[in-house]
Structure formats: structure tokens, C-alpha cells
Amino acid sequence: MRWTYLPPLLVYFAAGVSGLTSVVSAFFVKDYLDLTAAFIAGLGFWAGLPWILKLPLGHLVDLFWRWKALLILLGAGLIALSLLILYAMVSRPDEMRAILPLGTWFVIAILLSPSGYAIQDVVADAMTVEAVPRTDDTGRTFTEAESRVMHTTMQTLGRIAIISGFVSVAAVNIWIFADTEALPRAARLDLYARVYLIALAIPVISVSGVVFHTLFQRREAAKGRPQERADGETEVDWKILGGGLVFAVLSVVLGTSGLAYSQEIVFAVSLAIILYLIRQLLKNLKPEAARVLIGTAVIIFVFRAVPLPGPGLTWFEIDELRFDEQFLSILSLITALLALAGLVILRPLMAHRSIAYIVVLLTIAAGILSLPNIGLYYGVHHWTAAQTGGIVDARFIAILDTAIESPLGQIAMVPMLAWIARNAPPELKATFFAVMASFTNMALSASSLGTKYLNKIFVVSRASVDPVSGAPFSASDYSQLGQLLVVVAVISVAVPLLVVLVVQSSPYRTSE
């Protein structure tokens, strides 16, 4: 750990603290918003678009590196606005509904928040490169092996900072939701509103990262060291900026048009733009390095593109398994703590094993770890509880499954981020981070689309009521959830393994 690592780590930590509102949002959406599982999965697609807009944002960060603090402040403002909207929805639903439907306000808030986090993440990614020194205290230039270890460590610390944020807020949620089972609806909504107000600390944390960065830069200047990057000025790439602008305009126009296949059109066009931009960037790399990056990116893309069960699984756990806010917070805490330990323990694996190896490991693990959720749906906890005197019940199985799964989920992206940090041209670090991150984030958009399609085929619904009157919106129906879980598990294992086999048998084979 070096003090120069602290500024980007604070920005990452703020992203982790965003999980403070996840439990509240899950319960509020389930109980009080009349939104289908397919709609929520589709909303995940639109919420992922700001992360794809890291394309122009990354290049703008390279171009206007001196004013990166303004971008952090812009992101903080968007996050704060999103939280204030959610607070008003919970605390004053009638007043908000008089302006726009609550579902519309929720969509606006969900789109504002990732926009702010994406802007801040672009700056933080570039700051991680600047945070790693090139020479030691004696002026000796670090070897490639030493640089690789430090960059891997920096990226690992970035994931640790995010997960540390998860740990902090999970612990806070456990305390907040203690003894809330018998709370009436009005008191529960007041509690949800307070959580959204507490969450306003998130943008304050991210802004503090820029403050520390400025202080460290001034200290370096006092020692006679340059404050700005010594790699030269970045030239404007109008193809990247133009492509990003086309993508942004297209997304807004189609997103507000009401077209039946607007998401699919945005996905296809934006993927074509990103692939074109990647092709332009690869010209800055040696042919061998370009092939490795292509193979690596394809493997990561497919691994992240597999569909998920959607919100129906959480609804089932709340309605049928009686998991309350505090228990879901406990699961979040276990996930975060063990993921934190896993990143530390498995750092040598990430530094010395190939991404293909890691993805195969994670894919097999994901297949195995999908079995407990399938078992819970089909009632395996009733049998295990009867055999163990009530010890191995639904909550025990959920905790065990979470404990095993936690260390693996944060690993896949670290080696790729470290590879970019080591191999991208110095004056285009932020651009490379943004373009490749946009490509892999496109995979999450593909995952959202797949999740939406599956939730249209296997329909899952839950009981919800009006937050003021208590009048019911919908009734619960989990009859098709089991089939959905099985299909998702099969796709999640078969597709990534097949793609790894194909890539590793081609000229794009990666040993990175």
C-alpha cells in the first residue's frame, strides 16, 4: 500500500458504499412499485448504458486531465440527485406522484445514479495508472515484472476498496434493520427514507478522493517532481469523440421513442461502434499484443454476458423463504467480507494465472453454486431441516452458498485491468481503460437483455401494494421460477466454457 494509491481508492470505496441502498431498493420495488420482473431486467439494460459511455468520457479525461476534479464533482452531483429523488419517493409518494408516476421517478433515479458512478469510475481508473510509480526512491526504473506486480496490486486494491464499501454498508444495514419485523408500513417507509438520506455521504467520499489527490500532487511539486503526466499531451481523436456522441444521441432518441425493439437496436449499433473504436485503438499496439487483447476481451465479454435469474429470485426469498431486510444485509456482509479475503488470498492466482484459466474456474464454480438456489426453490431445505433437527434450514443453506461463492465473483476483471495498465500507450491509458471497459460492460447489457427475454418466457410475479393506501397491485406467482433457474444455470456454464475452448484453439489464444 502506498499513499499515492489513496485518491482513486476513495472513489472506488464510494462506489462500494452505494450498496447502502440496495436492500431498501429491493424491498421498496417489490412491495410498492407495480413493475414486472421483465421490465426491471430491461431497465438494467438502460442503467448499464452510462458505463458504455465511458468511451468518450475516457478520452475526455485524457484530454482534460488537469480538470478531472470537475468530472468527479459532476458525478457526485448526479449521485446526490438520484438519492434525493428516491428519498422523496419514499417519504412523499403522493407529492411525487402528482408530478410523475412513481415508476417514472424510479426510472429517472436509476438512470442518474450509474451516470454519476460511471463518470467517477473513468477518472479513478486513470488515476490508478498515475498512482503506480515508475522508479523507486533511488531513481531506478522498475522492471516489467515488478511493474506488473504493482499494477496488479493497485487494481486488486481497487476491488478491495469497492468491497470494503460493501462491508461497511452491509454492517450498517444489519444495525439499521434490527428488530424491524413488526414495523407498520408507515414506520418502515420512514426507515427507508432515512437510509436514502444517510447515503448522501457517498458523493462526499468520492469528492474527498480528489481533495487528497490535489494535496499529494502539491507535495510532489514541492519536491521538484512534475505534477502532470510526463508522457506528452494527448491528441484529440475525433473518431472516438464522434462515435461516443453518436452513441449517446442514438440511445436518448431510441430510449424515449417507445419502439418495441429500441434496446436491441441500441445494443447492436453501440456494439458496432465499440468494435470499430477498438479496431482503431489496436493500431497503437504490436500485432501480437493486439491479438492477445482481442482474445482476452472476448472471453471476458462472454463470461459477463450470461443471463441472470432477475429480481424474481429475491422476491421468492422474501415472500416464500421469509428472508427479511436484516438477513439480506447479513448475506451482503458475508459476501463482502469473504470476497475481500478472497481477493487478498487469491492475488497470486490473478498475477500468475491466465484469464482463460480464471474464467474456466469461475464458470465451473458458478455452475456448482447455482444448485443451492435451485434446491431451495424445490424445497430441499425442508428435507435438510428434518434430517438435522432444524439446523440446515433455508437460511443456513443461503449463508453457506453465499460464503462459498463470495471470493470468486470479483476476480475476473483484475488481470485484464492490470494488462491494460501495463501495455496501453501512456498517453492513452484512460482511453484504453474506457474502451475495453465499455466493451466488457456491453456484456452486462447483453446479460440484461438475456435476463429480460428469459423473464418474458418464464413469468414471475410478486405481491405489491400502494405505498399510501395499501391497495394491492399484483399477486405472487412463482410457479415458473424453478425452470428459469435451471435454464440460467445451464447457459451460464455451457456458453463460457465453449467460448474459452474456441479462443484458446485460435490465433487469439491468450496466456495473460
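In this chain, residues are counted from 1 in sequence order.
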Are the side chain of D477 and the backbone N or O of R462 linked by a donor-acceptor pair below 3.5 Å? no
Sole residue of V195, L112, T21 in side chain to side chain contact (heavy atoms under 4.5 Å, CB included) with L83: T21
Are V380 and I397 packed together at the side-chain level, in the sense that at least one heavy-atom pair is separated by less than 4.5 angstrom? yes
Might you point out which heavy atoms bring P307 and S492 nearest each other, and give the distance in Å? O-OG, 3.8 Å
Kindly indicate whether the side chain of V298, heavy atoms from C-beta on, has any atom under 4.5 Å from the side chain of V499. yes
E317 and K30 ion-paired at < 4.0 Å: no
Which distance, rounded to the nearest 0.5 Å, do you find between the OG of S25 and the OH of Y192? 10.0 Å
Minimum heavy-atom separation for V90 to A193, with atom names? CG1-N, 3.7 Å
For the backbone of D319 and the side chain of R322, can you confirm whether one donor and one acceptor N or O come within less than 3.5 Å of each other? yes
Step by step, would you call S22 with F27 a side chain to side chain contact (heavy atoms under 4.5 Å, CB included)? CA-CA 9 Å; S22 61; F27 274 82; over 6 Å; no
With no hydrogens and no angle check, is any side-chain donor or acceptor of Q504 less than 3.5 Å from a backbone partner on R509? no
Taking the side chain as everything from C-beta on, heavy atoms only, tell me whether Y377 gets closer than 4.5 Å to L321. no
Are the side chains of Q263 and K452 in contact, using a 4.5 Å heavy-atom criterion? yes
Is there side-chain contact between M96 and L102, with heavy atoms separated by less than 4.5 Å? yes
Note: Y508 and R291 closest approach over all heavy atoms is CD2-O, 3.6 Å
To the nearest 0.5 Å, how far apart are CG in L376 and CZ in F316? 7.5 Å
Would you give the length of the straight line joining atom CD1 of I330 to atom CZ of R395, rounded to the nearest 0.5 angstrom? 7.5 Å
Using side-chain heavy atoms (C-beta onward) and a distance below 4.5 Å, is Y478 in contact with E320? yes
Side chains of V306 and P496: closer than 4.5 Å at any heavy-atom pair? yes
Please report the closest heavy-atom contact between S82 and A109, naming both atoms and the distance. OG-O, 2.8 Å
How many angstroms lie between CG in L86 and CG in L197, if you round to the nearest 0.5 Å? 11.0 Å
Side chain to side chain contact (heavy atoms under 4.5 Å, CB included) between T384 and D393, intermediate numbers included: CA-CA 6 Å; T384 56; D393 58 2; over 6 Å; no
Could you check whether any side-chain N or O of E325 sits under 3.5 Å from a backbone N or O of F177, counting only pairs where one atom can act as donor and the other as acceptor? no
What is the minimum heavy-atom distance between A489 and I374, and which atoms define it? CB-CD1, 4.2 Å
Taking the side chain as every heavy atom from C-beta outward, state whether V495 and F303 have any atom pair closer than 4.5 Å. no
From CE (M442) to CG (L271), nearest 0.5 Å: 4.5 Å
Side-chain donor-acceptor pairs under 3.5 Å in residues 9-20, sequence neighbours left out?
from : atom 1 : to   : atom 2 : distance (Å)
Y12  : OH     : D125 : OD1    : 2.5
S18  : OG     : A15  : O      : 2.3

Check against side chain to side chain contact (heavy atoms under 4.5 Å, CB included), F45 and V266: CA-CA 10 Å; F45 171 85; V266 169; 4.2 Å; yes
Which atom pair, heavy atoms only, marks the closest approach of A118 to P50? CB-O, 3.5 Å
Checking I318 against D324 for the side chain to side chain contact (heavy atoms under 4.5 Å, CB included) test, could you report, in this order, the C-alpha distance in whole Å, the side-chain angles of both residues, the deciding distance, and whether it holds? CA-CA 6 Å; I318 295 172; D324 56 20; over 6 Å; no
Donor-acceptor pair, side chain of T451 and main chain of S447, under 3.5 angstrom: yes
Going from OG1 on T104 to CZ on R97, what distance comes out if it is rounded to the nearest 0.5 angstrom? 12.0 Å
